[in-house]
Amino acid sequence: MKNKTVSIAVTADEYVSGILCAPDIGNENSTTGLAFAHGMSNDMNHPSIKGVAQGLANMGFITLRFNFPYKDKGKKSADPDHKLIRTWQAAMAFLGSQTDHPVNTMVAVGKSLGARIASLAVAEGTIKPDHLIFLGYPLHAPGRTEQLRDAHLYSISCPMLFFEGTRDPFCKLDLLYGVLEKIQASHELEIIEGGDHGFSLPKSDPRKEKDVHHQIVEKCRAWLQNC
C-alpha cells in the first residue's frame, strides 16, 4: 500500500493538503475511489477517517483524505459553506484525474462537517459522486433537536450509507429514523453500538478502536460491492 502526500488546487492561488492511498497491486475494488473529508474540530488524520481509509485501501480501493483550507491554516473556525463545497469539488476532481490509479466509481465520504458539506454539494449538483457515505451525520446541534439539517437530503438521488453511534449528541437516532423514512434514494444505516460522535466507545466496552474501524470498513466494502 502506497501513501502519497499531495497538494490539491482549490483555486488558482489556494491549495489544501491530502493523502492519496493506493494498493501496490490492484484488484476488482481498485476502480472505485473514495474521498474523505474531516469534521469541524479535527483533520484528515482523525482516527476514524484514517483507520477507515487505510482499511479500505488495504482491500484495494483508492482513497484520498484531504483537509479543508481553515484546517491547513491552523484556524479554529470553519470556512464558509461555499468555500468548503468548492474544496469538495476540487478533491473529487483531483481523485478522478489520477492517471496512475484511474477510477470509474466515485464515492464521497464525510465525517460530521465533511458529511454535511458533501451532502449539500451533492444536493446542489456541485459534486456528483456515485455514492455517499456519512461517518456520523450532524443531524442537529447538541440539544437543539428542533433544528434539523435534513431538508436537502430529500433531493439527493445517489445511494447513501449512514454510520451512526448510539451516544452521538449530534444525531438522536429516533429523529434519524424519521428522516430516513422520508428519503427516496436508496439508503442504509449501520449502527455503532456505544459510539459517540467520533465513534469512541465507553471505557467499559471491551471492544477496541480497531474493532469499530473494522466494522465500518467491512460494511463499506459489502455495501459498495452490492450497490
Side-chain angles (χ1 to χ4, degrees), residues 1-3 18-30 32-67 71 105 107-116 118-119 129 131-139 142 159-177 179-180 186-227:
M1 185 174 65
K2 301 174 182 177
N3 281 312
I19 297 176
L20 183 69
C21 191
D24 295 319
I25 300 176
N27 57 27
E28 68 276 7
N29 296 325
S30 302
T32 297
L34 301 95
F36 289 74
H38 59 81
M40 172 71 185
S41 60
N42 47 73
D43 62 14
M44 64 182 175
N45 289 313
H46 182 277
S48 292
I49 294 178
K50 183 176 181 180
V52 173
Q54 290 188 334
L56 288 168
N58 283 333
M59 292 180 172
F61 294 94
I62 311 301
T63 67
L64 172 68
R65 293 180 275 139
F66 67 93
N67 280 341
K71 186 55 64 173
T105 299
V107 187
V109 188
K111 172 182 167 19
S112 193
L113 173 68
R116 182 179 68 82
S119 62
H131 311 289
L132 266 171
I133 297 176
F134 303 122
L135 300 178
Y137 183 80
L139 185 59
M160 292 176 274
L161 174 59
F162 293 77
F163 288 93
E164 192 52 59
T166 56
R167 296 190 302 122
D168 187 354
F170 286 84
C171 187
K172 287 181 64 67
L173 282 177
D174 59 337
L175 296 177
L176 179 59
Y177 290 138
V179 168
L180 294 180
S186 172
H187 60 273
E188 289 189 33
L189 170 63
E190 177 81 356
I191 298 296
I192 308 298
E193 192 64 41
D196 64 10
H197 193 52
F199 302 136
S200 294
L201 303 172
K203 292 182 179 180
S204 59
D205 197 303
R207 292 172 296 165
K208 305 298 182 183
E209 185 179 69
K210 64 179 181 179
D211 297 318
V212 175
H213 296 167
H214 179 74
Q215 178 185 349
I216 296 172
V217 168
E218 282 296 323
K219 178 62 181 181
C220 286
R221 178 198 59 77
W223 184 72
L224 289 171
Q225 290 178 345
N226 290 319
C227 273

Just so I know, are the side chains of Q54 and T63 near enough to count as touching, which here means a heavy-atom distance under 4.5 Å? no
For L224 and N29, run side chain to side chain contact (heavy atoms under 4.5 Å, CB included): C-alpha distance rounded to whole Å, both residues' side-chain angles, the deciding distance at 0.1 Å, then the answer. CA-CA 9 Å; L224 289 171; N29 296 325; over 6 Å; no
Flag, side chain of T166 to backbone of G194, donor-acceptor distance under 3.5 Å: yes
Minimum side-chain heavy-atom gap F36-V52 below 4.5 Å: yes
Are a donor atom and an acceptor atom from the side chains of S112 and H197 found within less than 3.5 Å of each other? yes
To the nearest 0.5 Å, tell me how far R116 CZ sits from M40 CE. 10.0 Å
Side-chain polar contacts of residues 212-220 - donor-acceptor pairs under 3.5 angstrom, sequence neighbours left out - could you list them?
from : atom 1 : to   : atom 2 : distance (Å)
H213 : NE2    : P47  : O      : 3.4
Q215 : NE2    : E190 : OE2    : 3.0
Q215 : NE2    : I191 : O      : 3.0
E218 : OE1    : R221 : NE     : 3.3
E218 : OE1    : R221 : NH2    : 3.2
K219 : NZ     : E188 : OE1    : 2.6

Note: P23 and G60 closest approach over all heavy atoms is CG-O, 3.5 Å
Does N27 use its side chain to pair, donor to acceptor, with the backbone of M59 at less than 3.5 Å? yes
H187 side chain vs L180 backbone, donor-acceptor pair below 3.5 Å: yes
Rounding to 0.5 Å, atoms CD (E193) and CG (L201) come to a distance of 10.0 Å
Could you give the distance from NZ (K71) to CG (N45), rounded to the nearest 0.5 Å? 11.0 Å
Could you tell me if the side chain of H38 sits less than 4.5 Å from the side chain of N67, heavy atoms only? yes
Looking at CG of D43 and CZ of F66, how far apart are the two atoms once the value is rounded to the nearest 0.5 Å? 12.0 Å
Under the side-chain hydrogen bond (donor to acceptor under 3.5 Å, both in side chains) rule, collect the residues that match up with R167, sequence neighbours excluded. none
Could you check whether the rings of F162 and F134 sit parallel, tilted or perpendicular, using 30° and 60° as the cut-offs? tilted
With a 4.5 Å heavy-atom cut-off, do P129 and V107 have their side chains touching? no
Which distance, rounded to the nearest 0.5 Å, do you find between the CD1 of I192 and the OG of S200? 11.5 Å
Measuring from Y137:OH to S119:OG, what's the distance to the nearest 0.5 Å? 4.0 Å
Do P142 and F170 touch side chain to side chain, with heavy atoms closer than 4.5 Å? yes
Counting N and O atoms only, with roles assigned by atom type, does the side chain of T32 sit under 3.5 Å from a partner on the main chain of T105, one being a donor and the other an acceptor? no
Which is it for V109 and I49 under the side chain to side chain contact (heavy atoms under 4.5 Å, CB included) test, yes or no, and what are the steps along the way? CA-CA 9 Å; V109 188; I49 294 178; over 6 Å; no
Show the numbers, then the answer: is there a side chain to side chain contact (heavy atoms under 4.5 Å, CB included) between L34 and I133? CA-CA 9 Å; L34 301 95; I133 297 176; 4.2 Å; yes
Does the side chain of E164 come within less than 4.5 Å of L189's, by heavy atoms? yes
Can you check whether G165's main-chain N or O pairs, donor with acceptor, with D168's side chain at less than 3.5 Å? no
